[in-house]
Amino acid sequence: MKYLSKENIKQPLKYLCFMLLIIVVSAILTYLIHPDIQSTINSVSSNVPKSVERKNGFDLVVAYIINNGLKVPLQMLILGLIPVPFLYWLQPVFTAILPGILFGIVFNMSLTKGITIVFSSLPHMLTEILAFCFWIVALDRINKWMRNKISKKKNNSTQFMDEIKQLLTSYVKYVLPLIIIAAFLETYVADWISNFLN
C-alpha cells in the first residue's frame, strides 16, 4: 500500500463491510435473545480497558490512542507473525461484536435511545474499525509471507525486513491517523451528537 488509491482502499472497505455485518448480526441476535440486561452490561463494561476508565477530555483521547493505536495493533501484529491465517482477526472481530451487543440491549430498552446511541457511535466506530481493517490488510501480507517461508511451497520475492518496512508504512500512513481521529470523535463528537439528538 504505497499510496491511497482505489486498489489500496478496496480491500479495507471489503473488510469494513464484513465487520459491519458482524455488528448488525450481533445486535439482531442480542435483541432477539433478550439477555439479562444488567449482567450483559457488566460483562461488556468489564472489557473496557482500565487505562480508559474514569478519564475524560484530552486524557481520554490519549488513553484511546495508546490502547487502540498501540496496544491493540501490537497484539494483532504478534498474532500476525504466527504462521496461522486469521488469528489476528480475533481482536477486531471482538471489537465489532461488543457494540453489536450493546446496540441490541439498548434497542430492547428503548427504540429512541437505540437510535441515539447508534448515530452517536457511528463516526468513531466506523473510523476505528476502518483503521483495524487497514491493519488487517497489512498483516494479511506478512502472515502470508511467514506461511510461505515455513511451508516452502512458494518462494518469497521479498526479504522479511522489506515486509516489516511495508507494514510500518501502512501503520504510520493509515492506521495511526485513523485511530487518532477516532479517539477525538469518540471523546468529543459522540457526546455532542447524543446531546443534539436528545
Decide side chain to side chain contact (heavy atoms under 4.5 Å, CB included) for Leu70 and Leu74; before the verdict, give the C-alpha distance in whole Å, the side-chain angles of both, and the deciding distance to 0.1 Å.
CA-CA 6 Å; Leu70 297 174; Leu74 181 60; over 6 Å; no
Can you tell if the side chain of Met109 reaches within under 4.5 Å of the side chain of Ile105, non-hydrogen atoms only?
yes
To the nearest 0.5 Å, atom OG of Ser194 lies from atom NZ of Lys113 at 10.0 Å
Tyr31 backbone acceptor or donor facing Asn108 side chain under 3.5 Å:
yes
Determine whether Leu16 and Leu13 make a side-chain contact, defined as any pair of heavy atoms from C-beta on separated by less than 4.5 Å.
yes
Ring centres of Trp192 and Tyr188 under 6.0 Å apart?
no
Side chains of Ile193 and Leu122: does their closest heavy-atom pair fall under 4.5 Å?
no
Could you tell me the separation between the CG atom of Asp162 and the CZ atom of Phe160, rounded to the nearest 0.5 Å?
10.5 Å
Reported CD-to-NZ distance for the pair Glu163 and Lys149, which is rounded to 0.5 angstrom:
11.0 Å
Shortest non-hydrogen contact from Thr127 toward Pro123:
OG1-O, 2.7 Å
Nearest heavy-atom contact between Pro73 and Asn67 is CD-O, 4.3 Å
Closest non-hydrogen atoms of Ile65 and Ala183, given as atom of the first, atom of the second and distance, are CG1-CB, 3.7 Å
Run the numbers on Ile129 and Ile23 for side chain to side chain contact (heavy atoms under 4.5 Å, CB included), then give the verdict.
CA-CA 11 Å; Ile129 293 175; Ile23 292 170; 3.6 Å; yes
Nearest-0.5 Å distance, CD1 of residue Ile97 to OG of residue Ser26
5.0 Å
Under 3.5 Å donor-acceptor pairs involving side-chain atoms of residues 79-93, not counting sequence neighbours:
unit_1 : atom_1 : unit_2 : atom_2 : d
Tyr88  : OH     : Asp140 : OD1    : 2.6

So, taking the atom named SG in Cys133 and the one named CG in Leu178, what distance separates them when rounded to the nearest 0.5 Å?
10.0 Å
Taking the side chain as C-beta and beyond, is there a heavy-atom pair between Leu167 and Leu77 under 4.5 Å?
yes
Quick one: do Met125 and Leu130 satisfy side chain to side chain contact (heavy atoms under 4.5 Å, CB included)? Show the steps, please.
CA-CA 8 Å; Met125 185 179 70; Leu130 181 60; over 6 Å; no
Is there side-chain contact between Phe132 and Asn68, with at least one heavy-atom pair below 4.5 Å?
yes
Answer whether the closest heavy-atom distance between the side chains of Gln166 and Ile142 falls below 4.5 Å.
no
Please list all pairs meeting ring-ring contact (aromatic ring centres under 6.0 Å, His included) that have one or both residues in residues 103-125, counting only residues at least two apart or in different chains.
none
Please find the pair of heavy atoms, one from Ile117 and one from Ser120, that lie closest to each other, and give the distance.
O-OG, 3.1 Å
Check whether any side-chain heavy atom of Met76 sits under 4.5 Å from a side-chain heavy atom of Leu139, and report yes or no.
yes
Roughly how far apart are Ile150 CD1 and Trp145 CH2, rounded to 0.5 Å?
9.0 Å
Pairwise side-chain contact, Leu126 with Leu20, heavy-atom cut-off 4.5 Å (strictly under):
yes
Could you check Phe58 against Phe184 for side chain to side chain contact (heavy atoms under 4.5 Å, CB included), going step by step and ending with a plain yes or no?
CA-CA 8 Å; Phe58 190 71; Phe184 278 97; 4.0 Å; yes
Between the main-chain N or O of Asp191 and the side-chain N or O of Asn195, is there a donor-acceptor pair closer than 3.5 Å?
yes
